[in-house]
Undergrad: 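Next up is a structure, given as structure tokens.
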Amino acid sequence: MAGELDWCSFLLSVGQMGSTLKAPSLRDRARELLDLIPSNQKILDKVGEFKDAGNFAELRASCLHFPPLDTLYHLEVLQSLLLPATYSPDDEQTRSFQLWFIESGGIRLLLKLLEDPDFMKDADTNTRKSTYHVTVRLLRLFLVSFGMAQDRKSG
């Protein structure tokens, strides 16, 4: 199911419709289904293309110019790439992606999302909270890592 972009788009549309119609159960059920299936492979491939091409601007645009539920889903996919469930220190692909994200300005992007008053302004409360939660979780990962590295460096 996750390999079909149509299913992912359909569920995102249903969730957005639930948000627009103020039908929280419709929105929440669509999000729950999206959480149950693996990340959409076409979106994962697109993020990989951004990385391979060194095109961080398009990744940034995918966080800022989509409907709120799509933005949340894209941030969750990004989170799955930066914090995979089965991470091992020897996982070169994950470390390479994390390094690219940092060097390309990913931390600045996450901070900008939190600072931007227009970010998620059209979102319902639950979608906005979930989006900020994912954003803060990613920032915490990097800021704690940097803090620990600085502490080790100076101590």
Side-chain angles (χ1 to χ4, degrees), residues 1-21 23-53 55-88 91 93-145:
M1 186 170 168
E4 299 289 328
L5 185 59
D6 294 334
W7 279 108
C8 181
S9 297
F10 173 73
L11 290 172
L12 288 168
S13 297
V14 168
Q16 193 60 45
M17 185 185 317
S19 188
T20 303
L21 297 174
S25 65
L26 182 61
R27 177 204 62 222
D28 293 344
R29 296 305 84 75
R31 281 207 49 222
E32 288 170 4
L33 284 172
L34 283 167
D35 287 344
L36 288 174
I37 60 176
S39 298
N40 184 292
Q41 189 59 47
K42 291 182 181 177
I43 293 175
L44 290 171
D45 293 343
K46 190 73 167 169
V47 172
E49 289 173 17
F50 295 156
K51 178 185 178 287
D52 293 342
N55 193 346
F56 193 75
E58 283 192 46
L59 181 62
R60 179 180 300 129
S62 75
C63 291
L64 298 173
H65 302 293
F66 281 104
L69 202 58
D70 291 38
T71 298
L72 172 59
Y73 183 72
H74 289 158
L75 284 170
E76 288 174 338
V77 169
L78 181 64
Q79 176 181 291
S80 74
L81 292 169
L82 292 167
L83 295 167
T86 57
Y87 178 73
S88 111
D91 186 356
Q93 185 177 4
T94 299
R95 286 193 341 207
S96 169
F97 186 79
Q98 290 169 341
L99 185 61
W100 170 79
F101 185 77
I102 292 167
E103 290 175 346
S104 298
I107 295 172
R108 273 183 263 123
L109 169 65
L110 294 173
L111 288 169
K112 181 183 177 189
L113 295 179
L114 291 178
E115 294 172 350
D116 187 353
D118 293 332
F119 179 62
M120 300 300 285
K121 71 176 180 180
D122 297 330
D124 60 89
T125 304
N126 280 358
T127 303
R128 185 178 304 117
K129 283 181 180 179
S130 295
T131 303
Y132 285 137
H133 185 253
V134 170
T135 305
V136 168
R137 182 182 300 149
L138 289 171
L139 273 170
R140 183 180 62 193
L141 163 76
F142 291 115
L143 295 176
V144 167
S145 298

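The analysis underlying the following values was restricted to heavy atoms, covering all of them including side chains, and did not include hydrogens, waters or symmetry mates.
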Undergrad: Does Trp7 form a side-chain contact (heavy atoms from CB on, under 4.5 Å) with Leu33? I'd like the steps, not just the answer.
TA: CA-CA 10 Å; Trp7 279 108; Leu33 284 172; over 6 Å; no
Undergrad: Please determine whether a side-chain nitrogen of the Lys or Arg among Arg137 and Glu76 lies less than 4.0 Å from a carboxylate oxygen of the Asp or Glu.
TA: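 Salt bridge absent between Arg137 and Glu76.
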Undergrad: Given 3.5 Å as the limit, does a donor-acceptor pair link the side chain of Tyr73 with the main chain of Asn40, or not?
TA: yes
Undergrad: So how far is it from Phe101 CZ to Leu78 CG, rounded to the nearest 0.5 Å?
TA: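 Here the rounded value is 5.0 Å.
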Undergrad: For residues Ser25 and Asp28, is any side-chain donor paired with an opposing acceptor at under 3.5 Å?
TA: no
Undergrad: Return the NE2 to CG distance between His133 and Asn126, rounded to the nearest 0.5 Å.
TA: 13.0 Å
Undergrad: Can you tell me how far OG of Ser39 sits from NE2 of His74, rounded to the nearest 0.5 angstrom?
TA: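 Result: 10.5 Å between the selected atoms.
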Undergrad: Using the rule side chain to side chain contact (heavy atoms under 4.5 Å, CB included), only one of Leu69, Asp124, Leu11 pairs with Gln16; which is it?
TA: Leu69
Undergrad: Just by distance, do the side chain of Ser80 and the backbone of Val77 share a donor-acceptor pair under 3.5 Å?
TA: yes
Undergrad: For the atom pair CH2 (Trp100) and CD1 (Ile102), what is the distance rounded to the nearest 0.5 Å?
TA: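 Result: 11.5 Å between the selected atoms.
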Undergrad: Is there a side-chain contact between Leu114 and Leu139 in this structure, where contact means two heavy atoms from C-beta onward sitting under 4.5 Å apart?
TA: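 A side-chain contact under 4.5 Å exists here.
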Undergrad: Walk me through whether Ser130 and Arg31 qualify under side-chain hydrogen bond (donor to acceptor under 3.5 Å, both in side chains).
TA: CA-CA 11 Å; Ser130 295; Arg31 281 207 49 222; 3.1 Å; yes
Undergrad: Do the side chains of Glu32 and Arg29 get close enough for a salt bridge, i.e. N-O under 4.0 angstrom?
TA: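 Yes, this pair counts.
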Undergrad: So does Ala123 get a backbone contact from the side chain of Arg128, meaning a donor-acceptor N/O pair under 3.5 Å?
TA: yes
Undergrad: Work out which heavy atom in Ile107 is nearest to a heavy atom in Phe142; give both atom names and the distance.
TA: CD1-CB, 3.7 Å
Undergrad: Closest approach of Phe119 and Leu75, non-hydrogen atoms and distance?
TA: CZ-CD1, 4.4 Å
Undergrad: For Thr131 and Thr135, work out which heavy atoms get closest and say how close.
TA: O-OG1, 2.8 Å
Undergrad: Quick one: does any side-chain atom of Ser19 pair with a main-chain N or O of Gly15 as donor and acceptor, under 3.5 Å?
TA: no
Undergrad: How about Thr94 and Leu81: do any of their side-chain heavy atoms sit closer than 4.5 Å?
TA: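 Of all side-chain heavy-atom pairs linking Leu81 with Thr94, none is under 4.5 Å.
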Undergrad: Could you report the tightest heavy-atom contact between Ala30 and Val14, atom names first, then the distance?
TA: CB-CG1, 4.1 Å
Undergrad: How many angstroms lie between atom CG of Leu72 and atom CG of Leu12, to the nearest 0.5 angstrom?
TA: 9.0 Å
Undergrad: State the CD-CG distance between Gln98 and Asp91, to the nearest 0.5 angstrom.
TA: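 It comes to 8.5 Å.
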